[in-house]
Amino acid sequence: MSKVVLASQLPKNPNASLAPGLKQRHVTMLSIAGVIGAGLFVGSGHAIASAGPSVLLAYLIAGTLVVLVMRMLGEMAVASPDTGSFSTYADRSIGRWAGFTIGWLYWWFWVLVIPLEAIAAAAILNAWFPAIDTWIFALAVTFLLTVTNLFSVARYGEFEFWFALLKVIAIVAFIVLGALAMAGGLPDREVSGLSNLMASHGGFFPNGYAAVIGALLTTMFSFMGTEIVTIAAAESKDPAKQITRATNSVIWRIALFYLVSIFIVISIVPWNDPQLMQVGSYQRALELLNIPHAKLIVDLVVLVAVASCLNSAIYTSSRMVFSLAKRGDAPAVLKRTNEAHVPRAAVLASTAVGFLTTIANYFAPGEVFTFLLATSGAVALLVYLVIAVAQLRMRKLLIASGQPIEFRMWLYPWLTWAVIVFIVVALGIMLSMPAHQNEVMATGLLTVLIVCIGLLNAKRKRRIEEGFEAVAVR
């Protein structure tokens, strides 16, 4: 059985080599807009086209799941802030192999986000400057944002603050504009409104109930990143306070930025509009409202969102592998920090893999990059599953250690168990759906491989510890 560490036995400051360089406004804005990525502006079009108006249920289900998971994560993070976040909590409450596995899976997910966002940014820039190849733009954007992450965490926080602020302004402006159009406040713009949801184009479930489950994986990918605030807060001056604020605000953030904005999109754009998947949901909505330069406006917003996600991908992957290294689950060189308390080796290692996968997308056979993406397809659900199981175990450890629980999960343990059952059932259903079989199976194979490596690593660590104990006795 894996050794479990009680909260009272943990070091007071597990991130002593990282500096609390993030200001309150950095963490606040990161918590507000960190969840807004290119998946909302572009990927939502695919989800709407596959499920129709019932995609709102997919976003509602995914949003509810994220709210519950963030509440669980918040309980653990407030009790013990750590840059390794749920990976560290899984290590302490479930076992070393669990923290090892989910940490490396999460790192792999964000490392693959780097080329995805770089390619998206390059496509926009290449459309503006066609003389320059897209792969050059992709590498240049990745290089520039890597540099910002090499100086100090405050630099990352400042960039992310302005990226997030622009995203918030864009979403709020779109909601206001859409609401005016639906209310008849824009002259010469006819909007179908609620008839798009209920009456026209096949009703609310035009492709059946199963389409909602199919759209769930796409929506879950869009929500991935909400948990970053618990990682970043560990580098702020008052982590527990910042995490509490961020977790409490997740409900209105998801309701406003996702549910309300997607509701407005569907009210303006018929779900079976042939342009929906080609140009994206928000651009198509602006086009139907006869907004001048709709493509340029959306391209600018998407470019900001892409840069924000790329910036966060570099930061998050580097901090996760730094945490793994501190626990002895990654090469020791990755836990080193410079005079500014930045884990530069971890940043460079994560970005290097991102560079290689970006190059693979352009110069290797297409199947290579497609397979790499498939291996991260269900990571979001696995991360949430581990968070739920870790919270079940961690609560018992906190109570046993006598540590007060300042931030609690609702209706413990029933809602936690409900989340676990839902995720297991959702993964089973997705495994039976041809459109998502490859993603779930590829992620499953990668998980099994990392679990095996994790078990071997844990066994090696135990032997080393036993060797030290034997020497100490002598």
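- By the neighbour-count criterion of 12 heavy atoms within 6.0 Å, atom CZ of Phe161 is densely surrounded, having more than that number from other residues, nucleotides or ligands.
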(message) For a side chain to side chain contact (heavy atoms under 4.5 Å, CB included) check, start with the C-alpha distance between Leu177 and Ile291, then their side-chain angles and the critical distance, and finish with the verdict.
(response) CA-CA 10 Å; Leu177 187 66; Ile291 303 299; 3.8 Å; yes
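- Two residues are said to be in side-chain contact when any heavy atoms from C-beta on lie closer than 4.5 Å; Ile264 and Phe174 meet this criterion.
- Here the side chain of Ser312 pairs no donor or acceptor atom with the backbone of Cys309 at under 3.5 angstrom.
- Looking at Val386, Val389, Asp82 one by one, the single match for side-chain contact (heavy atoms from CB on, under 4.5 Å) with Tyr89 turns out to be Asp82.
- Side-chain contact check for Tyr384 versus Met70: every heavy-atom pair is 4.5 Å or farther apart.
- For the pair Ser308 (side chain) and Val304 (backbone), a donor-acceptor distance under 3.5 Å is absent.
- For the pair Arg71 and Tyr412, the NZ or CZ position fails the cation-pi test of under 6.0 Å to the six-membered ring centre and within 45 degrees of the ring normal.
- Between Leu57 and Tyr209 there is no side-chain heavy-atom pair separated by less than 4.5 Å.
- Remark: Ile48 CD1 to Ser281 OG distance equals 4.5 Å, nearest 0.5 Å.
- Side-chain contact between Thr83 and Met320 is absent, with no heavy-atom pair separated by less than 4.5 Å.
- Side-chain N/O atoms of Tyr258 and Ser44 include no donor and acceptor closer than 3.5 Å.
- With rounding to the nearest 0.5 Å, the separation of CD1 in Ile124 from CG in Leu296 is 10.5 Å.
- Here the closest heavy-atom approach between residue Val347 and residue Arg319 is recorded as CG2-NH1, 4.1 Å.
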Return a table of donor-acceptor pairs under 3.5 angstrom between the side chains of residues 100-114 and protein atoms on other chains or two or more places apart.
residue : atom : partner : partner atom : Å
Thr101  : OG1  : Trp97   : O            : 2.7
Trp104  : NE1  : Asp329  : O            : 3.1
Tyr106  : OH   : Trp110  : NE1          : 3.0
Tyr106  : OH   : Glu227  : OE2          : 2.4
Trp107  : NE1  : Ser350  : OG           : 3.0
Trp108  : NE1  : Thr375  : OG1          : 2.8

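- Residues Ile266 and Gly52 come closest through the heavy atom pair CD1-O, 4.5 Å.
- In this structure, Val298 and Gln283 approach most closely via the heavy-atom pair CG2-CA, 3.5 Å.
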(message) Pair Thr142, Phe355 - check side chain to side chain contact (heavy atoms under 4.5 Å, CB included), show working.
(response) CA-CA 8 Å; Thr142 306; Phe355 271 117; 3.9 Å; yes
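- In this structure, CG on Asn311 lies 11.5 Å from CZ on Arg155, to the nearest 0.5 angstrom.
- A 4.5 Å side-chain heavy-atom check between Asn126 and Ile132 finds every atom pair outside the cut-off.
- What you find for Gly354 and Thr357 is that their closest heavy atoms are O-OG1, 2.9 Å.
- Taking the charged nitrogens against the carboxylate oxygens, Arg25 and Glu158 do have a contact shorter than 4.0 Å, which makes a salt bridge.
- Ser323 places a side-chain heavy atom less than 4.5 Å from the side chain of Thr88.
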(request) For side chain to side chain contact (heavy atoms under 4.5 Å, CB included), just list the numbers for Val229 and Gln242, CA-CA rounded to whole Å, side-chain angles, deciding distance to a tenth of an Å, and then say yes or no. (result) CA-CA 8 Å; Val229 69; Gln242 303 292 357; over 6 Å; no
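- Residues Ser93 and Arg395 have side chains that never bring a donor and an acceptor to within less than 3.5 angstrom of each other.
- Residue Ala62 comes nearest to Thr219 through the heavy atom pair CB-OG1, 3.7 Å, listed as atom of the first residue, atom of the second, then distance.
- With rounding to the nearest 0.5 Å, the separation of CD1 in Ile94 from CD in Gln391 is 11.0 Å.
- The heavy-atom pair separating Ala58 from Ala215 by the smallest distance is CB-CB, 4.0 Å.
- The aromatic rings of Phe137 and Phe129 are tilted relative to each other, their planes meeting at an angle between 30° and 60°.
- Taking a 6.0 Å sphere around CH2 of Trp252, one finds it holds more than 12 heavy atoms contributed by other residues, nucleotides or ligands.
- Listed by first then second residue, pairs satisfying salt bridge (charged side-chain N to carboxylate O under 4.0 Å, His left out) with a partner in residues 261-273 read Asp273-Arg284, not counting sequence neighbours.
- Put simply, the side chain of Leu446 does not reach to within 4.5 Å of the side chain of Val379, judged on heavy atoms.
- In Trp410, the CH2 atom is crowded: over 12 heavy atoms of neighbouring residues, nucleotides or ligands sit closer than 6.0 Å.
- Counting non-hydrogen atoms of neighbouring residues, nucleotides and ligands closer than 6.0 angstrom, the CH2 atom of Trp417 reaches no more than 12 such neighbours.
- For the atom pair CD of Glu439 and CG of Leu431, the computed distance is 11.5 Å after rounding to the nearest 0.5 Å.
- Within the structure, the salt bridge (charged side-chain N to carboxylate O under 4.0 Å, His left out) test picks out the following pairs touching residues 294-306 (sequence neighbours left out): Lys295-Asp299.
- Of the inter-residue distances, the one linking Leu381 atom CG with Leu65 atom CG reads 7.0 Å to the nearest 0.5 angstrom.
- Checked by atom type and distance alone, the side chain of Ser317 pairs as donor or acceptor with a backbone atom of Ile314 at under 3.5 Å.
- A heavy-atom distance below 4.5 Å is not found between the side chains of Val212 and Tyr59.
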